[in-house]
Amino acid sequence: MTDMDTVQENEVSAATAQKKPTFKRPKLHRPAGMKFSQAMKLALKSLAGSKVRSLLTMLGIIIGVAAVIVLVSLIGGFSNDLSSRFESLGTNLISVNIMGRGGNLQVVPEDMVELADQNGEVLAYCSPTVSVSADSIKYGAEELDTTTITGCNEDYPMIKSYTLSAGRFVCWQDVQSRSKIIVIGSYVAKEFFQNEDPLGSDIKINGDRYTVVGVLNELADSTESSQDDVIIMPYTAAGRLSRFGMVNSYVMSAASSDTAEAAIAVIKSYLYKVFSSEDYYNVTSQSQMLEMVSELTGTLTLVLVGVAGISLLVGGIGIMNIMLVSVTERTREIGIRKSLGGKRRDIMRQFVIEAAVTSASGGVIGIALGVAAAYAVGKLFDMSVAVSAPAVVIAFSVSVAIGVIFGYFPAAKAAAMNPIEALRYD
């Protein structure tokens, strides 16, 4: 073959190659993943399909969420009541308790009153207090057993912001002479003197007669064991009635809330000079006591909520158990979905959403029951109720989170199934 023939043959091959048709591979359209809305509809349909089983599955979540709401609401109401009581007494109230160390190192009421007088720029009033535990409080045939008896001096009504509806209060002369006179609260007046004038009447306390010289204005609806269920007398008479000669407790009032800390410093400095140690006395302000109560109720809330939260954990285990059963029951369904192009993440999303919807539904029902139960218990036991919005949100969020967490393992099991084996499942 000549060179010319070779050249012509190559040209023909090139031309043939240029005319050879080209084929494009068609694009395969994979099925789109399942949308969230579709997964939600399937989850709700699954719940509606077996109502009894769904309710039993949600029961642990319902009880846990309801218990958390009830406990937080009742403790919140109790805390608010205590706070309002402390605040009503004023943030400038100071309590002093002296344990003493024996011997000649002691503080008498006159010393504390003089301390308040000498430091008038930070201290306004001072009153010794003596609490009496009475065996019997009688007027005629009537008897009271919950009444609080307190001994004090003439400064006590200013410290406690007491006002009178009739008569007078304890005066300096009553203290000096140990007079057997008393000022009674509105509850005592109501129980003993329904249609009588109590002034001038005698009430027997532990067998001794004490004359009523004043009646306090109502502070707490004149209920038993409230601030109206009180009897007040000179602290000298109270000391004799209690058969305990020493006065170890004092209530003092700072000149204002701004001078409360300075007043506490003055009192502590004086007592330290007397006893040379902080172990023999205790000085607390109303604001400090309020902080202690808040810390105590906060700790109590955490403990009780933790105990109630155990039922949420049990509810989560119940959800996981039911979801595992559901995966087994729907094995063929999972196989069909996978054979039709369903992705692993679609299968997993479906079962996780079902678990989350189950626990969220239980959370909603638990919140409704918890709020209703909290108000019912509060009304039954005459307690204040404070439903906490953050507690409701947290309880609901935790219920959803439990559903997601405990639903993940069944969802992962479903997503990992081999479609051929799933289709063979009978």
In Å and rounded to the nearest 0.5 Å, what is the [atom1] to [atom2] distance from [X] to [Y]?
X      : Y      : atom1 : atom2 : answer
Thr358 : Ile61  : OG1   : CD1   : 9.5 Å
Tyr250 : Thr129 : OH    : OG1   : 8.5 Å
Glu142 : Ile203 : CD    : CD1   : 11.5 Å
Ile267 : Asn119 : CD1   : CG    : 9.0 Å
Met252 : Leu115 : CE    : CG    : 5.0 Å
Leu164 : Asn217 : CG    : CG    : 7.0 Å

Expected output: side-chain [X] to main-chain [Y] donor-acceptor under 3.5 Å:
X      : Y      : answer
Asp221 : Thr223 : no
Asn321 : Ile317 : no
Thr331 : Val327 : yes
Ser226 : Ser222 : no
Asp135 : Asn206 : no
Asn248 : Met99  : no
Ser127 : Asn153 : yes
Ser399 : Phe396 : yes
Ser326 : Ile322 : no
Ser73  : Val385 : no

Scan for salt bridge (charged side-chain N to carboxylate O under 4.0 Å, His left out) pairs involving residues 162-190, sequence neighbours excluded, and state none if there are none.
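Non-adjacent pairs meeting salt bridge (charged side-chain N to carboxylate O under 4.0 Å, His left out): Arg168-Asp174.
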Tell me the salt bridge (charged side-chain N to carboxylate O under 4.0 Å, His left out) pairs involving residues 250-270, sequence neighbours left out?
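Of all non-adjacent pairs touching residues 250-270, none passes salt bridge (charged side-chain N to carboxylate O under 4.0 Å, His left out).
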When you compare the side chain of [Y] with that of [X], does any pair of heavy atoms fall below 4.5 Å?
X      : Y      : answer
Val107 : Phe275 : yes
Tyr162 : Ile232 : yes
Ile353 : Val357 : yes
Val188 : Ile137 : no
Ile181 : Pro234 : yes
Val247 : Met112 : no
Cys152 : Phe169 : yes
Leu144 : Tyr187 : yes

Crowding at [atom1], [X] (>12 non-hydrogen neighbours, <6.0 Å):
X      : atom1 : answer
Tyr156 : OH    : yes
Glu196 : CD    : yes
Phe78  : CZ    : no
Gln176 : CD    : yes
Tyr408 : OH    : no

Chi angles and distances behind the side-chain contact (heavy atoms from CB on, under 4.5 Å) call for Ile184, Phe193:
CA-CA 11 Å; Ile184 60 176; Phe193 310 99; 3.9 Å; yes
For residues [X] and [Y], report the shortest heavy-atom separation together with the two atoms involved.
X      : Y      : result
Val352 : Gly407 : CG2-O, 4.1 Å
Val122 : Ala263 : O-CB, 3.6 Å
Met320 : Pro410 : O-CG, 3.7 Å
Ala386 : Asn80  : CB-ND2, 3.5 Å
Ala391 : Val72  : CB-CG1, 3.7 Å
Val65  : Gly363 : CG1-O, 3.7 Å

Which of these passes side-chain contact (heavy atoms from CB on, under 4.5 Å) with Val96: Asn282, Val251, Leu271?
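The passing option is Leu271.
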Angle class for the Phe192/Tyr139 ring planes (parallel below 30°, perpendicular above 60°, tilted otherwise)?
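It falls in the tilted class, 30° to 60°.
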